[in-house]
Amino acid sequence: MSFALTLPDGSKKEFESAVTVSELASSISTSLAKNAVAGKVDGEVKPLDFSLAEDHEVAILTNKDAEGLSVLRATVAFVLEAIVKEKYPEIKLGQAEISENGFFIETDKEDQIKVTELPELEKALQKAVKNGQAIEHVQVAKSELADAFKDDPYKQELLANYGETVDAYKLGDFVDFGFDALLPNTGKIKKFKLLSVAGAYWKGKSSNPMLQRIFGTAFFKEADLEADLKRRAEIKERDHRTIGRDLDLFFVDPKVGAGLPYWMPKGATIRRIIERYIVDKEVAAGYQHVYTPVLMNLDAYKTSGHWAHYREDMFPPMDMGEGEWLELRPMNCPSHIQIYKHHIRSYRELPIRIAELGMMHRYEKSGALSGLQRVREMTLNDGHTFVALDQVQEEFARTLKIIMDVYHDFNINDYYFRLSYRDPKNTDKYFANDEMWERSQSMLKAAMDDMGLDYVEAEGEAAFYGPKLDIQTKTALGNDETMSTIQLDFMLPERFELTYVGADGEEHRPVMIHRGIVGTMERFIAYLTEIYKGAFPTWLAPVQAEIIPVNLDAHSDYAKKVRDELIAKGFRAEIDFRNEKLGYKIRESQTQKVPYTLVLGDDEMNAGTVNVRPYGTEEQNSESLDEFMDKLSKDVASYSRED
RNA sequence: GCUGACUUAGCUCAGUUGGCAGAGCACUUCACUAGUAAUGAAGGGGUCGGAGGUUCGAAUCCUCUAGUCAGCACCA
């Protein structure tokens, strides 16, 4: 009985009798055997003692593989569980999990573990791994594990998903299960750090009790750990809240309202440019821009279903007396529907594209608020297209193309597509009409497949009125967030009884496509701030040229002349009139990340030139003002992109 | 909203056991009149998030409350 193992390079190795992953590694090379941490068998991560006895595709995972790192982290999490269990025998353990940036374990005990205890736990962990104890990989009867965890309801619950025999690992008296693979010995654990503690609902459900997560990270090499800790420290420098304050872009003052941002002149400038850009873009794409009221009769939101499905995210309605209630709008689909309904519509008009930069108010839960990323007042780049059924796919593709164009202009490259469906297990949250959900979800999927685009599918992420394509980006902290969205909606046209007159003279029901290109101005600008680290490209920079006269008395007039000429041409220029030295002002201009710093002294004044220092360089280019303005124009027109 | 930590000058932060509220930056004024990342000096600026309590005395201890931060839940 012989079998063959196919290695990643395509070569095959024949064996007569079963071999383990680590024996396979040894048969290839001693260095591989030394660095092996687990195996990947037909795409699944398996431990080193996993026995191979038939044809498989096998890769040896080492300390260089991301999955190898996950095995290390799982092992550290396992040892940490053993330590807290030893220290607090009464503690209950939840799930141990591995993430991109580290791992966590879940614990539950009366007196919660404090952040201040982390160094102590870290020491205990260090001690435990110092001499390299063996971790035993065993097959255990489910009943035996049930017994071991008889006082631990969380582990019991996890255990329920397993068969009669469970893959488990033992370290001394401690036993646990649920790992793809662990290292056979704690000796390889060298570099780790416990980072924080935080609450998290058991199994991610807010109706469940809250457990306490202990977060940590681990690496094979000290340099990697240090680089990671450094990266964590540097996150703050990219955080839009830090940059927003340092560059004086915006503020949120809890005393005047949590989640209600104030845009300072510089932030407002960036916002104004983006708003003009997006309106121009949309008009060019056939949208008709409108303005609609911030307040709306509550009845409209009852008809739309917002009041039934979205009430807890809405501000309380205002009682106007005599049975009239007004509501601060959380979304403006009903407003654009009013615009559609204002005239009788013909099939010849479709698609009808209505867009607006509209201010919305949503009563976000206090714990959700975060800088400009989550606010209670936001300006939505909202648009609704009304199409005939057979136009849906083309309009969808067209909308996505606009979004991609915009991303290209802003140099946004790090994102992914998510098809967001309703949660089939919790349909109460959504409009009840199974057929419409099936239909719209499959239409979205078909449209994406036709375009050949990759996407992930996520159940439970849909809007209450329909499924959507979300475009997901990451914040500086690494959290996922929705930036753009395209949503199919068969519901609201039904609810508001929208019609158009077809070629047959009969009334037909249009389909609505809701879409946000830059989503909200708040979140979009927060995102841009983070990806640009505050160094906005010239076309967006609040100040494009900072003018510094070498001597206030001698050069101020020339500086004003240069500034006025720049402003007259539509550029944004400022003079630093403060009574400070040149070096001081240069420094300020650089820390404020102004694209071009102009130094004007005798040389420039006499020659009628400007001395230009581009941001982030130490260049000093002397050029005529016309040359500089020409360069500036090109920079702005190209969105500061090379391609 | 939930768990935990935190809240002191515009910003970043000290403040010991409960005993006269501080520093740097920023701001104002004065001097210096500057050539590419911080000139020097002086000055102004605080109900120590808010309310209550303990105490001879509270930034410090206790209770409540608001907010911020991290995570969870929710979400653009």
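Note that the structure is a prediction, hence the values are computed from the model and not measured. To find a chain, count down the sequence lines: A is the first, B the second, and so on, and within it residues start at 1.
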Quick one: side chain to side chain donor-acceptor pair (under 3.5 Å) partners of A:Asp152, sequence neighbours excluded? none

d(NZ, A:Lys109; C1', B:rU3) in whole Å: 14 Å

Please tell me whether A:Thr292 and A:Glu356 have a donor and an acceptor in their side chains that are separated by less than 3.5 angstrom. yes

Any residue meeting ring pair (Phe, Tyr, Trp, His ring centres under 6.0 Å) with A:Tyr154, in chain and number order, not counting sequence neighbours: A:Trp202

Quick one: list whatever passes ring pair (Phe, Tyr, Trp, His ring centres under 6.0 Å) with A:His309, sequence neighbours left out. A:Phe431, A:Phe464

Verify the ring-centre separation between A:Phe571 and A:Phe628: is it less than 6.0 angstrom? no

Can you name the residues that form a ring pair (Phe, Tyr, Trp, His ring centres under 6.0 Å) with A:Tyr455, not counting sequence neighbours? none

When you check every protein heavy atom under 4.0 Å of nucleotides 44-51 of chain B, what one-letter string (B, S, -) results, 5' to 3'? --------

Selection residues 582-597 of chain A - residue pairs positive for salt bridge (charged side-chain N to carboxylate O under 4.0 Å, His left out), sequence neighbours left out: A:Arg578-A:Glu588

Applying a 4.0 Å non-hydrogen cut-off, can you work out what A:Gln620 is touching in the nucleic acid: base, sugar-phosphate, or nothing? base

Treating primed atoms plus P, OP1 and OP2 as sugar-phosphate and everything else as base, which nucleotides of nucleotides 5-10 of chain B get B, S or - for protein heavy atoms under 4.0 Å? ------

Secondary-structure string, 5' to 3', Watson-Crick or G-U under 3.5 Å, | for another-strand partners, for RNA chain B: (((((((..((((.....[..)))).(((((.......))))).....(((((..]....))))))))))))....

5' to 3', nucleotides 62-76 of chain B under a 4.0 Å protein heavy-atom cut-off (B base, S sugar-phosphate only, - none) gives -----SSSSBBBBBB

Tell me whether the guanidinium CZ or amine NZ of A:Arg376 lies under 6.0 angstrom from the six-membered ring centre of A:Tyr363 and within 45° of its axis. yes

Answer with base, sugar-phosphate or nothing: what part of the nucleic acid does A:Arg515 contact at a heavy-atom distance below 4.0 Å? nothing

Can you check the A:Glu106 CD to B:rG4 C1' distance for me, whole Å? 15 Å

Please list, one pair per line, the donor and acceptor atoms closer than 3.5 Å that link side chains of residues 254-275 of chain A to other protein atoms, with sequence neighbours excluded.
{"from": "A:Thr269", "atom 1": "OG1", "to": "A:Pro265", "atom 2": "O", "distance (Å)": "2.8"}
{"from": "A:Arg271", "atom 1": "NE", "to": "A:Glu275", "atom 2": "OE2", "distance (Å)": "2.7"}
{"from": "A:Arg271", "atom 1": "NH2", "to": "A:Glu275", "atom 2": "OE2", "distance (Å)": "3.3"}
{"from": "A:Arg271", "atom 1": "NH2", "to": "A:Thr379", "atom 2": "OG1", "distance (Å)": "2.8"}

What pairs meet the side chain to side chain donor-acceptor pair (under 3.5 Å) rule with one or both residues in residues 604-619 of chain A, with sequence neighbours excluded? A:Glu619-A:Asn621

Less than 6.0 angstrom from the centroid, inside 45 degrees of the normal: does A:Arg515 satisfy that with respect to the ring of A:Tyr287? yes

Collect all protein-nucleotide pairs involving nucleotides 37-39 of chain B in which both atoms are nitrogen or oxygen and the distance is under 3.5 Å.
{"from": "B:rA37", "atom 1": "OP2", "to": "A:Arg613", "atom 2": "NH1", "distance (Å)": "3.4"}
{"from": "B:rA37", "atom 1": "O4'", "to": "A:Arg587", "atom 2": "N", "distance (Å)": "3.3"}
{"from": "B:rA37", "atom 1": "N7", "to": "A:Arg613", "atom 2": "NH2", "distance (Å)": "3.2"}
{"from": "B:rA38", "atom 1": "N7", "to": "A:Arg587", "atom 2": "NE", "distance (Å)": "3.4"}
{"from": "B:rA38", "atom 1": "N7", "to": "A:Arg587", "atom 2": "NH1", "distance (Å)": "3.2"}
{"from": "B:rA38", "atom 1": "N6", "to": "A:Arg587", "atom 2": "NH2", "distance (Å)": "2.5"}
{"from": "B:rA38", "atom 1": "N1", "to": "A:Arg587", "atom 2": "NH2", "distance (Å)": "3.2"}

Taking atom P of B:rU33 as reference, at what distance in whole Å does atom CG of A:Asp553 sit? 10 Å

